Amino acid sequence: MRRLLFNQFEFDTDSSEESLEIHVALKTGACPEFRDLREFVAESVGENVFDKLGPARDYKDNASCSSVRAYLKRFAQIDVPYQCSWKMYEIFVDELEWDGIFESPSMFIRYHWFSTA
């Protein structure tokens, strides 16, 4: 699993107070990293988090305070299709934090954005 961490100095201004953590694991190919979503969540977030996830929802661009689509492209080189069929699971949401899981056909993605503003 790739773990990508970005602090405020990697955003448009170093006074943004934003931070971003992205975890990416392949689901397909010769060597899938995890058998299922439960295993990915356990490794990325913690053993007890999977049972607390709500039902899967369809991907929405407004999933967080920041632009998920733009940040996945910018920081992880992941293109989110405009006709997106990805499933989205929220772990924690408030105005200064969005922590969630995306399941695409080929990968699991944890996207954890937060700000200290």
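Please read all numbers here as calculations on a predicted model, not as lab measurements.
With values rounded to the nearest 0.5 angstrom, Glu39 atom CD is found 13.0 Å from Ser44 atom OG. Taken from CE in Met107 to NE2 in His23, the straight-line distance is 15.0 Å, to the nearest 0.5 Å. Distance check: Ile101 CD1 to Phe50 CZ gives 10.0 Å after rounding to the nearest 0.5 Å. Interatomic distance, CZ of Arg74 versus CG of Leu20, reported as 10.0 Å (0.5 Å rounding). Between atom CG of residue Leu4 and atom CD1 of residue Ile109 there is a gap of 10.5 Å, rounded to the nearest 0.5 Å. For the atom pair Asp99 CG and Phe92 CZ, the distance stands at 9.0 Å (nearest 0.5 Å).
A search for ring pair (Phe, Tyr, Trp, His ring centres under 6.0 Å) contacts involving Phe6 returns Phe75, not counting sequence neighbours. Not counting sequence neighbours, the partners of Arg38 by the salt bridge (charged side-chain N to carboxylate O under 4.0 Å, His left out) test are Asp51. Not a single salt bridge (charged side-chain N to carboxylate O under 4.0 Å, His left out) links Lys52 to another residue, sequence neighbours left out. Checked against ring pair (Phe, Tyr, Trp, His ring centres under 6.0 Å), His112 has the following partners two or more places apart in sequence or in another chain: Phe114. Residues meeting the side chain to side chain donor-acceptor pair (under 3.5 Å) test with Asp79, sequence neighbours left out: Lys73.
The environment of Glu47 atom CD is sparse: at most 12 non-hydrogen atoms of other residues, nucleotides or ligands sit within 6.0 angstrom.
Put simply, Phe108 and Val41 are part of the same group of oily side chains (I, L, V, M, F, W, Y) that touch within less than 4.5 Å, one to the next. Clustering ILVMFWY residues whenever any of their side-chain heavy atoms sit less than 4.5 angstrom apart, transitively, puts Met88 in a cluster other than the one holding Leu37. Residues Ile78 and Leu5 are members of separate hydrophobic clusters, defined by side-chain heavy-atom contacts under 4.5 angstrom among Ile, Leu, Val, Met, Phe, Trp and Tyr.
Two residues are said to be in side-chain contact when any heavy atoms from C-beta on lie closer than 4.5 Å; Arg110 and Phe40 meet this criterion. Counting heavy atoms from C-beta outward, Arg57 and Tyr89 have side chains that stay 4.5 Å or more apart. Using a 4.5 Å cut-off on side-chain heavy atoms (C-beta onward), Thr116 and Leu96 make no contact. Using a 4.5 Å cut-off on side-chain heavy atoms (C-beta onward), Val45 and Ile91 make contact.
With no hydrogens or angles considered, no side-chain donor-acceptor pair links Glu97 and Trp113 at under 3.5 Å. In this model, a donor atom of one side chain and an acceptor atom of the other lie less than 3.5 Å apart for Glu90 and Trp98.
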Run the side-chain donor-acceptor check on residues 27-34: report pairs under 3.5 Å with partners two or more places apart or on a different chain.
{"from": "Lys27", "atom 1": "NZ", "to": "Glu103", "atom 2": "OE2", "distance (Å)": "2.9"}
{"from": "Lys27", "atom 1": "NZ", "to": "Ser104", "atom 2": "O", "distance (Å)": "3.1"}
{"from": "Glu33", "atom 1": "OE1", "to": "Met1", "atom 2": "N", "distance (Å)": "2.4"}
{"from": "Glu33", "atom 1": "OE2", "to": "Leu26", "atom 2": "N", "distance (Å)": "2.8"}

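Taking the six-membered ring for Trp and thresholds of 30 and 60 degrees, Trp86 and Tyr59 have ring planes more than 60 degrees apart, a perpendicular arrangement.
A cation-pi contact, defined as under 6.0 Å to the ring centre and within 45° of the axis, links Arg69 to Tyr82.
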